[in-house]
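So the structure is just underneath, and the comments pick up after that.
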Number of protein chains: 2
Amino acid sequence: MNILIADDEKHMTTILKTYFEKEGYKVWVAADGEEALELFFSNKIDLVVLDWMMPKRSGIEVCNEIKQVSLAKVVMLTARSSHDDEFSALDIGADEYIRKPFDPRILMLRIKKMLGTQKVAAIRDLEIDFERKKVYKKGEELSLYKKEFELLTFLYENKGRILSRDSLLSSVWGMDYLGEERTVDTHIKRLRDKIGADHVITHRGMGYSFHDKNQ
Amino acid sequence: MNILIADDEKHMTTILKTYFEKEGYKVWVAADGEEALELFFSNKIDLVVLDWMMPKRSGIEVCNEIKQVSLAKVVMLTARSSHDDEFSALDIGADEYIRKPFDPRILMLRIKKMLGTQKVAAIRDLEIDFERKKVYKKGEELSLYKKEFELLTFLYENKGRILSRDSLLSSVWGMDYLGEERTVDTHIKRLRDKIGADHVITHRGMGYSFHDKNQ
DNA sequence: ACCCTTGTGACACTCTTGTAACAGAGATTC
DNA sequence: GAATCTCTGTTACAAGAGTGTCACAAGGGT
């Protein structure tokens with residue numbers, strides 16, 4: 001996700017940049033309206049955070065121009081408190097309007113909701129989308145069976161920890177499950193065939209673990 | 001679209017009811033938290049507007065309970081101005097948090113944005129006209145039954161997401177619906193026969209999803 | 001070299017889903 | 001008010017995808 005922040009207060013952009021980068025977004029910074037538009041049109045931006053008052057072109061102008069031609073999300077950030085301003089910003093197409101001073105946690109929450117709160121995990125060449133129950137290897141979608149996905153999820157949630165067949169059976173199959181312990185082996189094998197053998201580590205006599213270190 | 005408004009100030013619910021009805025929504029009104037939950041669970045509600053401070057159950061409790069089991073949208077309306085309150089409301093799953101006093105036009109705008117004020121949709125050979133409740137395949141009008149159209153609408157609104165029979169039953173048939181889960185299958189089949197089987201994807205053991213990618 | 005654990009492929013069975021036919025509730029018409 | 005039509009929900013059965021088990025192979029540890 002690529003984010004563009006435009007504000008003439010250096011202080012503000014620095015704070016926001018830090019927050020966004022901590023969440024794993026790629027960030028561009030502009031100090032005025034013109035620069036914002038330039039950066040927007042020369043990069044693939046998914047979300048723009050705009051201050052209302054900026055030199056050269058105001059936030060509302062920039063928002064308007066972007067919304068004419070693009071589906072990118074726009075958040076207006078402003079010190080103005082009038083209801084009319086909020087109304088016209090939203091009416092022009094802004095997706096969010098937040099008054100300064102604001103709580104950065106709230107900004108982040110609202111933005112995450114806006115961008116679709118996709119809970120995705122990335123482990124080297126693997127991506128797991130828990131919400132949509134999809135797994136990608138090198139960008140290509142894998143088709144996992146339900147049990148395989150559940151097993152992968154549980155392994156991932158406990159990555160690095162050694163999980164005995166027994167605990168895997170009770171957690172993934174259910175406490176009351178009666179059946180062969182070796183069933184786990186078969187599922188591990190099938191999972192390995194799909195996601196790549198090296199993601200699951202065998203600990204002889206103890207169980208399996210999910211490889212958590214990147215590289 | 002069915003909307004539930006819960007606020008103990010009669011004055012407030014009356015105003016909101018008027019606004020929403022002018023926009024063509026069907027409105028239910030509750031005067032306290034308990035009534036809100038009752039109405040929610042005995043009707044097919046798409047959006048809930050909740051006052052924070054209410055007798056019996058607070059808005060935040062109601063929100064929490066609803067979000068546990070339903071995909072309905074929730075807007076918190078409150079006189080509290082603390083940032084912490086806003087954060088916890090959003091964190092619990094509220095989709096919007098608006099401070100009183102507010103500008104009703106802004107509330108309506110934000111809600112319209114939230115509900116996705118989309119009037120028509122096109123998915124490959126399919127066109128859905130939500131306002132006129134009509135569906136076209138390759139330009140030709142299909143005749144869907146009411147339930148089929150509702151099911152299609154809900155699938156479309158959540159395209160890409162895997163929806164369990166259970167959540168389909170509660171969202172399309174209503175929270176209080178008692179009946180076979182397999183009823184969903186039958187309706188999915190009928191829908192598929194009309195719109196084309198490939199628009200609805202089966203996820204064995206998990207549910208169905210609407211195919212969201214063009215091609 | 002031996003034993004014990006794990007990997008692997010094949011097979012069998014079960015459970016989920018697709019499907020058609022039927023039943024019944026409402027609506028509509030005469 | 002009966003007859004008919006429209007729409008929705010249930011059931012039963014078939015197909016086959018998904019899962020569990022087994023037997024044998026491979027490999028590590030002592």
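By convention in this document, chain letters (A, B, ...) are assigned in the order of the sequence lines, proteins followed by strands, and residues within each chain are numbered from 1.
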In whole angstrom, what separates B:Asp185's CG from D:dT11's C1'?
13 Å

Could you tell me how the ring of B:His199 sits relative to the ring of B:Phe210: parallel (under 30°), tilted (30 to 60°) or perpendicular (over 60°)?
parallel

When the distance from NZ of A:Lys189 to C1' of D:dT19 is rounded to whole Å, what number comes out?
15 Å

Side chains of B:Lys67 and B:Asp95: closer than 4.5 Å at any heavy-atom pair?
yes

In sequence, state the C-alpha distance, the side-chain angles, and the governing distance for A:Asp185 and A:Arg165, and then conclude on salt bridge (charged side-chain N to carboxylate O under 4.0 Å, His left out).
CA-CA 8 Å; A:Asp185 297 38; A:Arg165 279 162 240 271; 2.3 Å; yes

Positional range of nucleotides in DNA chain C within the contact set of chain A, heavy-atom, under 4.0 Å
C:dT5 to C:dA10

On DNA chain C, does the nearest nucleotide to A:Asp193 precede the nearest nucleotide to A:Gly205 from the 5' side, or the other way round? Give the residue.
A:Gly205

Which atom pairs link the protein and nucleotides 7-10 of chain D when you take only N or O atoms and keep those under 3.5 Å?
{"from": "D:dT8", "atom 1": "OP1", "to": "B:Lys147", "atom 2": "N", "distance (Å)": "3.0"}
{"from": "D:dG9", "atom 1": "OP1", "to": "B:Trp173", "atom 2": "NE1", "distance (Å)": "3.1"}
{"from": "D:dG9", "atom 1": "OP2", "to": "B:Trp173", "atom 2": "NE1", "distance (Å)": "3.0"}
{"from": "D:dG9", "atom 1": "OP2", "to": "B:His187", "atom 2": "NE2", "distance (Å)": "2.9"}
{"from": "D:dG9", "atom 1": "N7", "to": "B:Arg190", "atom 2": "NH1", "distance (Å)": "3.3"}
{"from": "D:dG9", "atom 1": "O6", "to": "B:Arg190", "atom 2": "NH2", "distance (Å)": "2.4"}
{"from": "D:dT10", "atom 1": "OP2", "to": "B:Glu180", "atom 2": "N", "distance (Å)": "3.4"}
{"from": "D:dT10", "atom 1": "OP2", "to": "B:Thr183", "atom 2": "OG1", "distance (Å)": "2.5"}
{"from": "D:dT10", "atom 1": "O4", "to": "B:Thr186", "atom 2": "OG1", "distance (Å)": "3.3"}

Nearest-0.5 Å distance that lies between atom CD in B:Glu38 and atom CG in B:Asp32:
8.0 Å

Is the charged tip of B:Lys44 near the ring of B:Tyr177: under 6.0 Å from the six-membered ring centre and within 45° of its axis?
no

May I ask you to check whether A:Thr202 and A:Arg192 show a side-chain donor-acceptor distance below 3.5 Å?
yes

Taking the cut-offs as 6.0 angstrom to the six-membered ring centre and 45 degrees off its axis, would you call A:Lys22 and A:Tyr19 a cation-pi pair?
yes

B:Asp51/B:Lys100 ion pair, N-O < 4.0 Å
yes

If I take atom CZ in residue A:Arg204 and atom C1' in nucleotide D:dT30, what distance separates them, rounded to the nearest angstrom?
12 Å

